[in-house]
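What you see is a predicted model; the values in this text were computed from it and never measured.
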Amino acid sequence: MPHEPPPNAASGTPTREPLVFLHVGDLHLTTPDARNADDFRAILDQIAAIAPRHLFDFVYLPGDLAENGWACEYAILADALARHPQLPVRLIPGDHDRQQGAMDDFQAFHAGLVASRALEPPRIWTLDQPPVGSPVETWPTAEIPHYCACEDIRGVRCLFVDIVSPGYGRKGIGLDFRLGPHQTLWLSEALVRAAEDGVPVAVFMHAYPDDLREPDDRADVGGLFWEAGVRLVEMGHTHYNELAHDGRTLYAAARSVGQNEDGSVGYAVSAIDGPVTSWRFKPLDRPWPFVLITSPADRRVATRPTSKRNTGMKGIKRGRIKVRAVVLSEVPPKYVHCRAGTGAWHLMTLVTGRVYEAWLPWPKGASEIQVEAVHPDWKGHGPDLVDTDVIEPVTVFDDPDLALSIPTKPGSDVPRVDAWPEKGVRGDQLGPNRAGRKW
């Protein structure tokens, strides 16, 4: 198996570390002995075994943590997290966390995490509540905690948005996703500051902006994300893996742990590496290692107008392109290598604490990049203990003066990518809000 050491990729310039996070989908916890509770504990055990720990930045829980929003259900979650006190976690509420029309038990659970894991406390804003009284209506107000936060991680502005607490949803009434006026202003100002600071933005919320209750809010928030060039919106709620890219923003939803009919449970691995955003699902039952190509960009999720710079294909004219990847495992891989199509394999070198890199010869007509990571215990045959990620990079670039048209339905699943098995995307939307069971 031929290998070729890559040329010096850094040229005296420090090589950046990408943002890498692990997205564990909606839990819907009920009882400690339920299958989804066992699966969640196994997922955390697997994640906690990743070595070295600095290979990823945090674990993200997108809401719907508890099926009924009860304290006994949050106790299951708290107990599972307590087994891994050093695991960095970020979370927001989902509609099931307000299933009883109140969020007192979620608030108590979250307060424990603020104390034990240094999470940001909620922001308290005053909101109007549903009218009471007859024949004369009055509109009471209440101090409502909003579980939103802003944090810079690896040069990416991470905005955690709460679309549940400001709403009035509950069991028997249905969904009522809202941002509320104060959080909407907070979000808008945060995006303006990110643009002024010249940093990319990732937004973490429970559902698509198109799922917000008010039609004007759907268009406003989706349009805000599109105009601001938000790189990634990472979501739960769908119960299935889905990628939707509108030319500027990648909307990514991960398979749920509870109420799942999409396939093997697991977690998504997402990265923002300079101008490139990447995503792939890791099934729990798939052994280590796990590899994710972080650059170049795949043509299906590349930011437009595409250029050599924003797709990671700057070296294409010189006949070589820089390929970057992260590998997750409980031990360092025996080796990592890459190739163009069915060409020769080229060894990749660990150039930072988490990135493998190679300058890959790029022959005319090539259309695919494979990166393969091999576990030290691999015996030289069989599919286990070897993992491969595959992308189709951009090879034909847009006119730099191309003006993109704003989507007719911004912030929705309309531009979703069809089936993409290599990334874990089935494409058939098997979930309760689309083509699946009504749990």
Side-chain angles (χ1 to χ4, degrees), residues 1-13 15-16 18 243 245 247 250 269 271-280 289-327 333-352 354-374 378 380-381 383 386-400 402 417-425:
M1 182 181 304
H3 297 296
E4 178 179 315
N8 181 9
S11 301
T13 303
T15 304
R16 66 181 181 273
L243 300 174
H245 193 261
L250 175 61
V269 181
I272 294 180
D273 190 2
V276 178
T277 305
S278 54
W279 191 100
R280 186 176 176 226
F290 174 88
V291 60
L292 174 69
I293 298 172
T294 64
S295 186
D298 186 276
R299 61 174 179 80
R300 286 157 281 199
V301 295
T303 302
R304 300 191 66 193
T306 56
S307 67
K308 295 179 179 68
R309 188 202 66 80
N310 72 6
T311 60
M313 295 288 284
K314 284 196 299 185
I316 190 170
K317 276 191 173 181
R318 300 188 298 276
R320 285 178 182 264
I321 58 174
K322 184 190 291 186
V323 178
R324 289 164 58 88
V326 295
V327 178
K334 184 176 182 179
Y335 58 85
V336 183
H337 56 185
C338 61
R339 67 178 177 179
T342 56
W345 290 102
H346 296 264
L347 192 66
M348 302 181 73
T349 301
L350 187 65
V351 295
T352 74
R354 62 176 58 165
V355 174
Y356 287 84
E357 191 174 282
W359 281 93
L360 177 66
W362 191 249
K364 183 178 180 180
S367 61
E368 183 181 274
I369 297 171
Q370 297 181 45
V371 172
E372 184 178 75
V374 178
W378 188 58
H381 56 82
V386 177
D387 190 48
T388 305
D389 192 15
V390 182
I391 66 164
E392 298 174 12
V394 178
T395 56
V396 178
F397 303 97
D398 290 327
D399 184 320
L402 174 69
V417 176
D418 291 332
W420 195 354
E422 295 86 353
K423 297 295 185 181
V425 176

For [X] and [Y], work out which heavy atoms get closest and say how close.
{"X": "K423", "Y": "L292", "result": "NZ-CD1, 4.0 Å"}
{"X": "H346", "Y": "A344", "result": "CD2-O, 3.1 Å"}
{"X": "H337", "Y": "E372", "result": "NE2-OE1, 2.7 Å"}
{"X": "V371", "Y": "V323", "result": "CG2-CG1, 3.7 Å"}
{"X": "W362", "Y": "A366", "result": "CZ2-O, 3.3 Å"}
{"X": "G312", "Y": "S295", "result": "CA-OG, 3.9 Å"}

*Excluding sequence neighbours, so at least two apart, what forms side chain to side chain contact (heavy atoms under 4.5 Å, CB included) with A302?*
A297, T306, T311, V394

*asked:* According to salt bridge (Lys or Arg N to Asp or Glu O under 4.0 Å), does anything in residues 333-346 pair up with another residue at least two apart or in another chain? List the pairs.
replied: none

*Step by step, would you call I369 with I321 a side-chain contact (heavy atoms from CB on, under 4.5 Å)?*
CA-CA 10 Å; I369 297 171; I321 58 174; 3.5 Å; yes

Interatomic spacing from [atom1] in [X] to [atom2] in [Y] - rounded to 0.5 Å:
{"X": "D399", "Y": "S307", "atom1": "CG", "atom2": "OG", "result": "11.5 Å"}
{"X": "F290", "Y": "T388", "atom1": "CZ", "atom2": "OG1", "result": "11.5 Å"}
{"X": "R300", "Y": "H245", "atom1": "CZ", "atom2": "NE2", "result": "12.5 Å"}

Is the shortest side-chain heavy-atom distance between [X] and [Y] below 4.5 Å?
{"X": "T294", "Y": "V276", "answer": "no"}
{"X": "P18", "Y": "V355", "answer": "yes"}
{"X": "R324", "Y": "R16", "answer": "yes"}
{"X": "V291", "Y": "R280", "answer": "yes"}

*Let me see the working for W279 and V301 under side-chain contact (heavy atoms from CB on, under 4.5 Å), right down to the final yes or no.*
CA-CA 9 Å; W279 191 100; V301 295; over 6 Å; no

Could you tell me whether the side chain of [X] and the main chain of [Y] form a donor-acceptor pair under 3.5 Å?
{"X": "D298", "Y": "P393", "value": "no"}
{"X": "Q370", "Y": "G341", "value": "yes"}
{"X": "T349", "Y": "V351", "value": "no"}
{"X": "R304", "Y": "G247", "value": "no"}
{"X": "D389", "Y": "I293", "value": "yes"}

*asked:* Within the supplied structure, the quantity of interest is the number of heavy atoms (other residues, nucleotides, ligands) at a distance under 6.0 Å from D418 CG; does it exceed 12?
replied: no

*T395: side chain to side chain donor-acceptor pair (under 3.5 Å) partners, not counting sequence neighbours*: none

*Residue pair V425, V417: steps toward the side-chain contact (heavy atoms from CB on, under 4.5 Å) verdict*: CA-CA 8 Å; V425 176; V417 176; 5.7 Å; no

